[in-house]
Student: 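Sharing a structure below in structure tokens format, with a few things to ask.
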Amino acid sequence: MICTICEQPIEDGQPRKQLARRDERGVKLPPSFTHKGCRRKPSTVPFVTSWSSELVDDPTVAYRLLAGGIGYVDEVAEDRDERGVLMLRRPQRRGVGDPVYGAVHPGRQFLAMTEELCQVCGQPADEDDRGRLWLLEDARTDWEGWPNELVTTHPPTCRPCIREAREQCPHLWKGSVAVRVGTSELCGVYGRRYTASRLGPLPVEIGVVPFESPLIGWTIASQLARALTDCTIVSLDEELATVP
């Protein structure tokens with residue numbers, strides 16, 4: 001039995017935690033285990049995390065008659081990115097209030113994905129001749145060649161942030177993999193899609209919508225998505241070897 005955080009054996013009698021796992025189709029997988037002491041309460045607030053002062057009421061959605069699709073009743077230019085995609089409106093008040101770890105801030109996630117910044121510290125992500133560094137939930141059983149062709153909303157990372165991310169992020173406790181990504185392309189958004197109804201725009205689905213999809217005009221984007229290719233799974237020990 002190997003701890004998914006430190007990757008060291010869990011000896012008989014050592015305090016441990018068990019985590020249930022399922023693949024992307026919902027099929028039950030063998031559980032993963034961690035040393036109880038390897039888990040840490042969050043002491044770092046990731047760059048892309050929302051703060052309580054930033055969680056405000058959503059603006060009213062209306063039809064965008066001339067261009068088609070939807071927009072905000074009181075829409076301003078800053079509500080759309082350079083592609084014309086409607087973004088989930090949230091103020092920038094980082095550090096004010098309490099961190100809400102389960103909520104990603106749209107503006108900072110868009111910035112981190114566009115500029116390839118570390119999702120934890122907000123500085124440029126690590127890059128070498130194999131590519132940019134990503135820390136991903138371990139899903140190697142999902143398909144042969146994973147994570148090539150993976151579409152993710154998680155920004156990359158830098159080497160100094162790997163250790164604390166693995167120790168403090170519950171999503172990574174089930175197992176994580178360090179990956180060097182040779183090529184990644186912004187390919188769409190994750191958000192809430194609407195459809196037309198007699199009562200006005202009706203929310204129908206949350207998921208990834210490609211930029212080229214006609215449904216993009218009916219979507220409020222909360223996160224950008226990248227498609228990862230030319231991927232190499234790398235050793236975490238080697239990546240961390242030169243980190244103080």
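Any value given below was found using the heavy atoms of this structure, including those in side chains, with hydrogens, waters and symmetry copies removed.
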Student: Are the side chains of Thr195 and Trp218 in contact, using a 4.5 Å heavy-atom criterion?
Tutor: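 No, too far: nothing below the 4.5 Å cut-off.
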Student: About how many Å separate CZ of Arg94 and CZ of Phe47, when rounded to the nearest 0.5 Å?
Tutor: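 Between atom CZ of Phe47 and atom CZ of Arg94 there are 5.5 Å.
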Student: Would Glu205 and Arg193 count as a salt bridge (Lys or Arg N to Asp or Glu O under 4.0 Å) here? Give the steps.
Tutor: CA-CA 5 Å; Glu205 188 177 43; Arg193 184 172 63 82; 3.0 Å; yes
Student: Picking from Pro155, Ser184, Pro147, what satisfies side chain to side chain contact (heavy atoms under 4.5 Å, CB included) with Trp134?
Tutor: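 For Trp134, the side chain to side chain contact (heavy atoms under 4.5 Å, CB included) test succeeds with only one of Pro155, Ser184, Pro147, which is Ser184.
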Student: Measure the OG1-CG distance between Thr219 and Leu88 for me, rounded to the nearest 0.5 Å.
Tutor: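 Those atoms lie 12.5 Å apart.
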Student: For a 4.5 angstrom cut-off between non-hydrogen side-chain atoms, does Glu116 reach Glu127?
Tutor: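 Glu116 does not reach Glu127 side chain to side chain.
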Student: Show which residues join Ile2 in its hydrophobic cluster (side-chain heavy-atom contacts under 4.5 Å, direct or indirect), or state none.
Tutor: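 Joined to Ile2, directly or through intermediates: none.
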Student: Can you confirm whether Arg83 sits close enough to Ile216 that some side-chain heavy atom of one is under 4.5 Å from a side-chain heavy atom of the other?
Tutor: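 No, every pair of side-chain atoms sits at 4.5 Å or beyond.
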Student: Give the minimum heavy-atom separation between Cys158 and Leu133, together with the two atoms involved.
Tutor: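 Heavy atoms only, the tightest pair is C-CD2, 4.1 Å.
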Student: Applying salt bridge (charged side-chain N to carboxylate O under 4.0 Å, His left out), name anything that partners Arg166, two or more places apart in sequence or on another chain.
Tutor: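 Arg166 satisfies salt bridge (charged side-chain N to carboxylate O under 4.0 Å, His left out) with Glu7 only.
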Student: Could you see if Met87 belongs to whatever hydrophobic cluster contains Val189? Use Ile, Leu, Val, Met, Phe, Trp, Tyr and a side-chain cutoff under 4.5 Å.
Tutor: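 Yes, because Met87 and Val189 connect within a single hydrophobic cluster, where side-chain heavy atoms sit under 4.5 Å apart.
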Student: Are Trp51 and Val45 packed together at the side-chain level, in the sense that at least one heavy-atom pair is separated by less than 4.5 angstrom?
Tutor: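 Side chain of Trp51 against side chain of Val45, heavy atoms only: contact under 4.5 Å found.
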Student: Look at the side-chain heavy atoms of Ile, Leu, Val, Met, Phe, Trp and Tyr, link any pair under 4.5 Å apart, and say whether Leu86 and Ile206 land in one connected group.
Tutor: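 No, Leu86 and Ile206 fall in different hydrophobic clusters.
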Student: List the atom of Cys231, the atom of Asn148, and the distance in Å for their closest heavy-atom pair.
Tutor: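 Closest approach of Cys231 to Asn148, heavy atoms only: N-OD1, 3.0 Å.
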Student: Do Glu239 and Arg180 come within less than 4.5 Å of each other through their side chains, counting heavy atoms only?
Tutor: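 In contact.
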Student: For residues Thr153 and Gln109, is any side-chain donor paired with an opposing acceptor at under 3.5 Å?
Tutor: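 No.
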Student: Apply side chain to side chain donor-acceptor pair (under 3.5 Å) to Gln92 and list each qualifying residue two or more places apart in sequence or on a separate chain.
Tutor: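 Once residues adjacent in sequence are excluded, the partners of Gln92 under the side chain to side chain donor-acceptor pair (under 3.5 Å) criterion are Arg108.
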Student: Would you check if Ser222 and Val104 make a side-chain contact, meaning some heavy-atom pair closer than 4.5 Å?
Tutor: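 Side-chain contact under 4.5 Å: no.
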Student: Which residues pass the side chain to side chain contact (heavy atoms under 4.5 Å, CB included) test with Pro170, not counting sequence neighbours?
Tutor: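 Per chain and number, Pro170 pairs via side chain to side chain contact (heavy atoms under 4.5 Å, CB included) with Trp173.
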Student: Can you run down the salt bridge (charged side-chain N to carboxylate O under 4.0 Å, His left out) pairs that involve residues 56-75, sequence neighbours left out, and say none if there aren't any?
Tutor: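 For residues 56-75, and leaving out neighbouring residues, the salt bridge (charged side-chain N to carboxylate O under 4.0 Å, His left out) pairs sorted by first residue read Asp58-Arg90, Asp74-Arg89, Glu75-Arg80.
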Student: Sequence neighbours excluded, which residues qualify as side chain to side chain contact (heavy atoms under 4.5 Å, CB included) partners of Glu137?
Tutor: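 For Glu137, the residues satisfying side chain to side chain contact (heavy atoms under 4.5 Å, CB included) (neighbours in sequence not counted) are His154, His171, Leu172.
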Student: Are Asp138 and Ser176 close enough that some pair of their side-chain heavy atoms sits under 4.5 Å apart?
Tutor: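 SC-SC contact between Asp138 and Ser176 ruled out.
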Student: Please examine the side chains of Leu136 and Leu228, heavy atoms only from C-beta on, and report whether any two atoms are closer than 4.5 Å.
Tutor: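 Answer yes - side chains close enough.
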